[in-house]
Amino acid sequence: MKIVRGMAKTFHSILENTHSPIYLHVLLDSNSKLRTSRTLRKVARNFRRRLNITYYDVNDMADQNRGAINTIRKYFFNKDVGRYKDDIFFLSEVFHDAFPKRLRKIIFLDVDLKFLSDIRILYQKFEEFQPENVIGIGPDLQPQYRVDFGQYRKSHPGTPVASARPGKQGFNTGVVLFNLDRMRRSQLYNSLLNATVIENLCNKYLFKGYLGHQDFYTLAGMEYPELYYNLDCSWNRQLDVGWRNEVENEIFDQYHRCEGKIHVMHANGDSLLPKDSVRLRKKQTIMERTFH
C-alpha cells in the first residue's frame, strides 16, 4: 500500500501541473493490478481527466529478458540490499527490447516523486539530446559513488571519476529519459550488455555494484559519457541526506548542492516531502500531548 499511495501522489502532482495528455505504462505484478488501477482511476477522476494506461506484468517482462537480467544482476548486486534484489532494478537497461517497438521515447519515474512543474517541459528535454545521447539522467546527490569508486580514485589521484562534476558523480534513476529508438540503434550501448564487456569495466574501475541499473548507468557513464544527456538536478532533487554522517560536511555539500528552481522533488531513502514532514511533526506533537 505504501508503494500504491506513493504512485497516487506522484500521479496527482503530474496532473496538477500539466494540461498535456499523459499516457501511463505501469510495471507491476498481477496481484497489484486491481488495487493500482482503482487508485489511478480515482486520481484521474479528481482532475476530470481521461486515464490512458497500459499495464505490464513485470514478471513476464523479466522472464522474456532473463539472460540480460542475469548478466546485469551478476555484476551489480554484490550484496543483498533489501528491495534492490527485485527484477525491476535490472530491467530498465533492456527497456528498448522489452517494450513494444511502437514506443519510441519514455520517461521512467520512481513512485516517490512530487512534480512542481509541467512534465511536458521534462519531455521536451529529449530535443536537447546530442546525436550520440541515448539516455537522459540526473546526478546522484550524495557521495555514494565517491565511496564506491574509492579504490580507483586512490590509485588514480586527480581522476574525475566519481568527483562532484556533471556526469561524473554518478547517476540517480528516480527520473530517467529513455530514447528507446536510439537505444535500439546504438551499437555502443548494446555492446555494454555483454558480460565480458561489463566485467572488464568493473575490473578497470575496481567497482562492485549493488544498486542494479543505477550502478550500470553510472559505470557505463564513466567510460562512455557521450551516451548520456546530463539532466539537471532540479528535475530529480533528491532529499535523502543519509550520507551526511559518512563524510565531511564540505564533501557532502559538494554532491548534494542543487541550485535554481526545483521542478521535481524525490523523497528517496525514506525521506519525506516537505508537506509530509509537516504532517508528521504535527502528528508527533499530538501524540506527545496525548501521552502527557
Side-chain angles (χ1 to χ4, degrees), residues 1-11 14 21-44 50-78 80-113 119 123 134-137 171-186 189-195 197-198 209-217 220:
M1 282 305 297
K2 178 181 178 182
I3 294 174
V4 176
R5 285 194 296 268
M7 180 185 295
K9 289 180 179 180
T10 299
F11 187 38
I14 291 172
I22 302 296
Y23 203 119
L24 297 179
H25 299 264
V26 180
L27 279 64
L28 40 63
D29 58 60
S30 57
N31 294 330
S32 305
K33 185 175 180 179
L34 181 59
R35 178 174 291 163
T36 301
S37 63
R38 286 175 177 169
T39 301
L40 293 177
R41 282 201 304 268
K42 181 178 179 181
V43 175
R50 177 181 177 183
L51 182 62
N52 303 303
I53 192 165
T54 300
Y55 295 100
Y56 302 82
D57 189 312
V58 69
N59 295 316
D60 288 346
M61 189 177 278
D63 288 341
Q64 292 167 14
N65 295 273
R66 184 58 58 192
I69 287 176
N70 288 344
T71 295
I72 297 164
R73 184 188 294 275
K74 178 180 178 181
Y75 296 101
F76 302 107
F77 193 65
N78 287 295
D80 193 339
V81 187
R83 62 193 176 93
Y84 289 101
K85 66 184 177 182
D86 291 344
D87 283 336
I88 186 64
F89 293 101
F90 306 92
L91 185 58
S92 72
E93 296 89 331
V94 291
F95 272 171
H96 57 305
D97 290 328
F99 278 117
K101 295 296 186 288
R102 62 182 174 81
L103 289 183
R104 301 175 59 192
K105 300 171 184 174
I106 59 172
I107 300 175
F108 178 72
L109 301 174
D110 271 359
V111 294
D112 52 1
L113 306 175
I119 194 172
Y123 189 82
V134 300
I135 292 171
I137 190 169
F171 296 126
N172 181 276
T173 51
V175 178
V176 188
L177 307 180
F178 289 106
N179 188 317
L180 300 179
D181 274 352
R182 289 191 181 184
M183 292 170 73
R184 293 169 184 135
R185 294 195 302 264
S186 174
Y189 179 80
N190 286 284
S191 73
L192 297 176
L193 301 174
N194 177 277
V197 174
I198 294 176
Y210 53 91
L211 297 177
H213 55 189
Q214 181 167 297
D215 287 339
F216 172 84
Y217 299 131

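Because the structure is predicted, anything quoted here is derived from the model rather than measured.
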Point to revise | From CG (Asn65) to CG (Asp60), nearest 0.5 Å | key: 11.0 Å
Review point. Would you say the side chain of Leu193 lies within less than 4.5 Å of the side chain of Phe216, judging by non-hydrogen atoms?
Key: yes
Exercise for review: Could you pull out the closest heavy-atom pair between Ala220 and Leu192, with the gap in Å?
Suggested key: CB-CD1, 3.8 Å
**Study point:** Name of the residue among Arg182, His96, Arg184, Arg185 meeting side chain to side chain contact (heavy atoms under 4.5 Å, CB included) with Val134
**Key:** Arg182
**Study point:** Side-chain touch Tyr23/Thr54, heavy atoms, less than 4.5 angstrom
**Key:** yes
Check your understanding: Measuring from Phe178:CZ to Met183:CE, what's the distance to the nearest 0.5 Å?
Key -> 5.5 Å
Check your understanding: How about Phe89 and Phe76: are their ring centres within less than 6.0 Å of each other?
Key -> no
Practice item. Using atom types as modelled and distance alone, determine if a side-chain donor or acceptor of Asp29 lies under 3.5 Å from a backbone N or O of Asn31. Key: yes
Exercise for review: Locate the shortest heavy-atom distance separating Thr39 from Ala8; write the atom from each residue and the value.
Suggested key: CG2-CB, 3.5 Å
Check your understanding: Can you find a pair of side-chain heavy atoms, one from Phe108 and one from His213, that are under 4.5 Å apart?
Key -> yes
Review point. Do the side chains of Lys105 and Asp181 get nearer than 4.5 Å, heavy atoms only?
Key: no
Point to revise | Residue pair Met61 / Leu27, side-chain heavy-atom distance below 4.5 Å | key: yes
Review point. When rounded to the nearest 0.5 angstrom, what distance separates CG in Leu24 from OH in Tyr55?
Key: 8.0 Å
Practice item. Give a yes or no on this: more than 12 heavy atoms of other residues, nucleotides or ligands lie within 6.0 Å of atom NZ of Lys2. Key: no
Check your understanding: Any side-chain donor paired with an acceptor under 3.5 Å for Ser92 and Tyr217?
Key -> yes
Practice item. Kindly compute the distance separating CD (Glu93) from CD1 (Ile198), expressed to the nearest 0.5 Å. Key: 8.0 Å
Exercise for review: Look up atom CG in Asp112 and atom CD1 in Ile3, then write down how far apart they are to the nearest 0.5 Å.
Suggested key: 10.0 Å
Point to revise | Residue pair Ile135 / Asn179, side-chain heavy-atom distance below 4.5 Å | key: no
Practice item. Could you list the residues that satisfy ring-ring contact (aromatic ring centres under 6.0 Å, His included) with Tyr123, not counting sequence neighbours? Key: Phe126
Check your understanding: Can you tell if the side chain of Tyr56 reaches within under 4.5 Å of the side chain of Pro100, non-hydrogen atoms only?
Key -> yes
Study note, to complete from the structure: Interatomic distance, CD1@Ile137 vs CG@Leu177, rounded to 0.5 Å, equals 9.0 Å
Exercise for review: Could you pull out all residues at least two apart from Phe171 that satisfy ring-ring contact (aromatic ring centres under 6.0 Å, His included)?
Suggested key: Tyr228
Check your understanding: Side-chain contact, heavy-atom cut-off 4.5 Å: Phe11 with Leu51?
Key -> yes
Review point. Is Arg73 salt-bridged to Asp87, cutoff N-O under 4.0 Å?
Key: yes
Exercise for review: List the atom of Asn59, the atom of Asp57, and the distance in Å for their closest heavy-atom pair.
Suggested key: N-OD1, 2.8 Å
Point to revise | Exceeds 12 heavy-atom contacts within 6.0 angstrom, atom CZ of Arg104 | key: no
Review point. Is the backbone of Leu113 close enough, under 3.5 Å, to the side chain of Thr10 for a donor and an acceptor to pair up by distance?
Key: yes
